[in-house]
Amino acid sequence: MSSTIQDLARANVRALTPYQSARRLGGKGDVWLNANEYPLAVPFELSQQTLNRYPECQPKLVIERYTAYAGLTPEQVLVSRGADEGIELLMRAFCEPSRDAVLFCPPTYGMYSVSAETIGIEYRTVEVREDWQLNLPAIAEQLDGVKLVYVCSPNNPTGNLINPDDLRQLLEMTRGKALVVADEAYIEFCPQASLAGWLKDYPHLVILRTLSKAFALAGLRCGFTLASTEVIALLMKVIAPYPLSTPVADIADQALSEQGIALMRQHVAELVATREQLIADLRSLNCVEQVYESDTNYILARFTASSQVFKMLWDQGIILRDQNKQPGLAGCLRISIGTREECQRAVAALKSLPG
Ligand code: PMP
């Protein structure tokens with residue numbers, strides 16, 4: 001009996017809705033405020049001419065520099081193809097398909113569910129409370145069979161930090177049962193909130209980081225997993241032999257130099273100032289119901305007619321991210337912080353909307 005290509009594919013892949021990345025969604029914009037990228041390209045030049053050779057699996061200088069930046073030891077740091085690869089490596093190392101589960105708290109980042117579905121791991125969701133904080137009693141009830149709890153802080157798309165006391169309680173209730181994965185993709189915008197200092201107390205804490213946001217290198221595809229030596233050693237078993245190409249490691253080295261880190265901090269300060277101005281400007285507009293505070297490089301706002309607003313800005317080449325379908329976020333759009341001019345263009349377009 002012959003099978004169609006569809007029949008041959010795994011059932012969970014047939015059923016899968018892939019992650020709707022900003023790039024996949026398309027659009028013909030010239031003001032891109034939908035992917036939480038840094039708005040301007042930072043120039044880098046390649047310093048290596050060794051492309052005939054395979055790269056190191058864990059490029060030594062990248063690890064050394066990130067280790068110094070994060071205040072850890074090299075055995076506590078893994079570098080990968082973006083934080084997205086870290087999300088998936090954890091599932092591959094810790095979750096038995098069709099038996100173990102992962103848990104996360106919507107509204108949150110979309111790749112936790114997509115990676116779980118792709119690998120064939122059950123995922124459980126416990127929605128955050130109305131104040132966008134963890135619902136700890138409900139999480140406690142759902143922990144049976146859960147190996148990984150993903151908590152995004154500051155959270156995408158809501159922009160808020162998760163209360164440290166709640167994170168401690170979560171770490172206590174999962175001790176000896178599951179890993180807690182704190183996704184700190186946006187932590188450079190609120191560095192005082194990092195849990196890196198907690199790793200010594202909690203061997204089951206894992207932290208995800210990236211160069212895609214504050215470091216302005218989304219196109220580089222470079223991220224980090226910070227964890228106990230034991231967790232990192234397990235992840236090293238399942239990672240690809242050459243996860244980073246030589247040019248990626250070369251540029252990551254430069255981004256993590258003293259100068260690179262100083263430049264990143266300067267960019268963060270500029271973006272934070274632009275963000276506060278954008279929040280103030282949006283609050284003065286009729287079409288905006290509510291603008292939420294943010295500890296990140298994006299803000300979430302609730303609009304009176306969000307679908308029309310989204311479409312009208314889209315037609316003018318200003319591309320935002322629609323969050324309407326996320327639980328509790330009806331009417332919400334997410335706006336990445338662009339340059340001052342880009343934000344002003346978005347505000348001007350919103351001001352001129354009819355009604
Ligand atoms: N976590 C969160 C919360 C994110 O928003 C993103 C990027 N969209 C990632 C992880 C993935 O980052 P990377 O580009 O390093 O794969």
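All values derive from a computational prediction rather than experimental measurement. Every number for a ligand or one of its atoms is a count from 1 in the order of the listing.
- Considering only non-hydrogen protein atoms, atom 1 (N) of ligand 1 sits nearest to Asp183 OD2, 2.6 Å.
- Using 4.0 Å as the threshold, Lys213 has a heavy atom nearer than that to some atom of ligand 1.
- Of the N and O atoms on the side chains of Asp183 and Tyr112, at least one donor lies less than 3.5 Å from an acceptor on the other residue.
- At a 4.0 Å heavy-atom cut-off, ligand 1 touches Arg221 through the side chain alone.
- Between Tyr186 and ligand 1, at least one pair of N/O atoms sits closer than 3.5 Å.
- Residue contacts with ligand 1 include Cys152, since one of its heavy atoms falls under 4.0 Å from the ligand.
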- Task: Run the numbers on Glu188 and Phe215 for side-chain contact (heavy atoms from CB on, under 4.5 Å), then give the verdict.
- Result: CA-CA 9 Å; Glu188 279 78 15; Phe215 282 92; 3.5 Å; yes
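- Of all the atoms in ligand 1, the ones that sit under 4.0 Å from a non-hydrogen atom of Ser212 are 13 (P), 14 (O), 15 (O).
- Atom 11 (C) of ligand 1 has as its closest protein heavy atom Asp84 OD1, 3.2 Å.
- Enclosure of atom CD in Glu258 is not indicated, since only 12 or fewer non-hydrogen atoms of other residues, nucleotides or ligands lie within 6.0 angstrom.
- The two atoms that bring Ile121 and Ala101 nearest to each other are CG2-CA, 4.0 Å, heavy atoms only.
- The nearest pair of heavy atoms linking Asn297 to Asn36 is ND2-O, 3.0 Å.
- Using a 4.0 Å cut-off between heavy atoms, Ala83 contacts ligand 1 through both its backbone and its side chain.
- Taking the six-membered ring for Trp, Tyr69 and Phe224 have ring centres at least 6.0 Å apart.
- Residue Gly223 places no heavy atom under 4.0 Å from ligand 1.
- Heavy atoms from other residues, nucleotides or ligands lying under 6.0 Å from CZ of Arg81 number 12 at most.
- Shown in contact with Gly82 at under 4.0 Å from a heavy atom are these atoms of ligand 1, numbered in order with element: 13 (P), 15 (O), 16 (O).
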